[in-house]
Each structure stands twice: as C-alpha cells, then as structure tokens.
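A quick note: this is a predicted structure, and the numbers were derived from the prediction, not measured.
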Amino acid sequence: MGCQIVEPGIARGRDLAALWSTDAPLTPEEVRSALGRDLAYTTVQTVLVRLCDKGILQRRPHGRAYAYSPLLDEKDLAAQKMRHLLDAEGDLDGYSSRFVAALDDEQSAALRRVLGTPSP
C-alpha cells in the first residue's frame with residue numbers, strides 16, 4: 001500500500017483535528033499516527049510547518065523534532081477565515097448582505113443573538 005496524495009486543505013483539516021483532540025503538543029509522527037492514514041511523514045510535516053507559519057500552530061523543540069499545538073481553536077480559525085474573506089472582497093456591504101440572505105432560520109437566529117438584535 002503506497003502513500004496517498006492528499007489535497008492540502010484536507011490534510012490541514014485532518015492535522016488540526018488531531019491536534020485539537022489532545023491537550024498535549026504532538027510531533028509530526030504522532031499526528032500521522034493519530035490520523036490512522038497512510039500519509040507520508042513529510043506531507044504531515046509540511047502541513048504543520050505551513051500552519052505554524054500562518055500563526056495557527058505553535059511549535060517547540062521536542063527531541064530531534066518539533067511538537068506542535070494549536071494557537072487557535074476551531075471557532076477562532078473559522079472566524080479568522082471569515083475575516084480574511086471579508087477583507088479580501090472590496091464590497092463589504094454587498095458581500096455581507098448576500099451572506100446573511102443565504103442563512104437559514106437557525107443561523108439567522110444565532111447571528112441575531114451574537115449581534116444583540118431582536119428577532120423580526
């Protein structure tokens with residue numbers, strides 16, 4: 001059985017899930033083992049280094065390797081992605097209004113609660 005080629009976004013999500021599932025920092029090999037997948041060590045290591053460079057993970061020396069731990073939890077990361085997307089669009093009002101229009105009732109209610117806006 002050979003190593004699978006994994007799309008970076010999928011690998012990143014799986015690596016983060018492995019790190020979020022534990023309180024202890026993990027080495028690339030520990031992340032690879034936690035995934036239970038036939039991924040190359042270098043693939044996992046590359047994704048972890050890139051996440052560290054983006055400020056999503058921190059790393060500390062651990063023997064001859066590094067151990068990685070998240071700086072952001074899942075909600076913080078999702079909020080960061082939304083902020084980056086909104087910053088990249090130029091038309092904040094137009095983009096936001098289309099986003100809000102696409103929300104279902106439960107999502108709209110959650111947004112109203114966060115913003116402190118009463119229901120219509």
Side-chain angles (χ1 to χ4, degrees):
M1 182 186 302
C3 290
Q4 296 177 1
I5 297 175
V6 178
E7 186 174 331
I10 294 170
R12 178 180 62 199
R14 290 178 181 164
D15 289 352
L16 285 169
L19 289 163
W20 283 326
S21 70
T22 181
D23 292 330
L26 299 177
T27 65
E29 181 58 36
E30 291 167 331
V31 171
R32 192 171 82 93
S33 296
L35 296 175
R37 305 286 310 237
D38 190 18
L39 294 173
Y41 176 91
T42 54
T43 299
V44 174
Q45 181 181 26
T46 298
V47 171
L48 293 173
V49 167
R50 288 181 180 165
L51 291 171
C52 191
D53 291 344
K54 291 179 179 183
I56 296 169
L57 299 179
Q58 65 181 346
R59 70 180 184 183
R60 296 190 179 130
H62 184 80
R64 293 178 51 201
Y66 285 100
Y68 296 82
S69 58
L71 290 170
L72 304 174
D73 66 16
E74 294 164 281
K75 291 178 178 81
D76 289 332
L77 183 58
Q80 183 185 66
K81 287 179 186 178
M82 286 188 268
R83 276 192 312 273
H84 285 239
L85 185 59
L86 290 172
D87 289 344
E89 284 299 315
D91 180 13
L92 181 59
D93 289 342
Y95 189 79
S96 298
S97 65
R98 289 188 183 191
F99 171 76
V100 170
L103 297 176
D104 64 25
D105 290 341
E106 183 179 334
Q107 294 165 333
S108 293
L111 185 57
R112 279 192 298 277
R113 282 191 302 274
V114 170
L115 296 174
T117 307
S119 297

Problem set entry | Rounded distance (nearest 0.5 Å) linking atom CD1 of I56 with atom NZ of K81 | 7.5 Å
Seminar exercise, completed: Here the side chain to side chain donor-acceptor pair (under 3.5 Å) pairs for residues 61-71, sequence neighbours left out, are Q58-S69
Exercise. Testing L48, L51, V49 for side chain to side chain contact (heavy atoms under 4.5 Å, CB included) with R59, which one passes?
Worked result: V49
Problem set entry | Partner residues of E74 under the salt bridge (charged side-chain N to carboxylate O under 4.0 Å, His left out) criterion, sequence neighbours left out | none
Problem set entry | ILVMFWY cluster, L57 and W20 together (side-chain gap under 4.5 Å) | yes
Exercise. Which other residues belong to the hydrophobic cluster containing L92, where Ile, Leu, Val, Met, Phe, Trp and Tyr are joined when side-chain heavy atoms lie under 4.5 Å apart, directly or via other members?
Worked result: L85, L86, Y95
For this session: List in chain and number order the residues that pass side chain to side chain contact (heavy atoms under 4.5 Å, CB included) with R83, two or more places apart in sequence or in another chain; answer none if no residue qualifies.
Result: A79, Q80
Seminar exercise, completed: Tracing side-chain contacts under 4.5 Å among Ile, Leu, Val, Met, Phe, Trp and Tyr outward from V100 reaches F99, L103, L111, L115
For this session: Would you check if V44 and V47 make a side-chain contact, meaning some heavy-atom pair closer than 4.5 Å?
Result: no
Seminar exercise, completed: Hits for side chain to side chain contact (heavy atoms under 4.5 Å, CB included) against D104, two or more places apart or cross-chain, chain-then-number order -> E106, Q107
For this session: Write out all pairs satisfying salt bridge (charged side-chain N to carboxylate O under 4.0 Å, His left out) with one or both partners inside residues 21-30, taking only residues at least two apart or from two chains.
Result: E29-R32
Problem set entry | Smallest separation among heavy atoms of D73 and D76, with atom names | OD1-N, 2.8 Å
For this session: Give, for atom NZ of K54 and atom CG of L77, the distance between the pair rounded to the nearest 0.5 Å.
Result: 9.5 Å
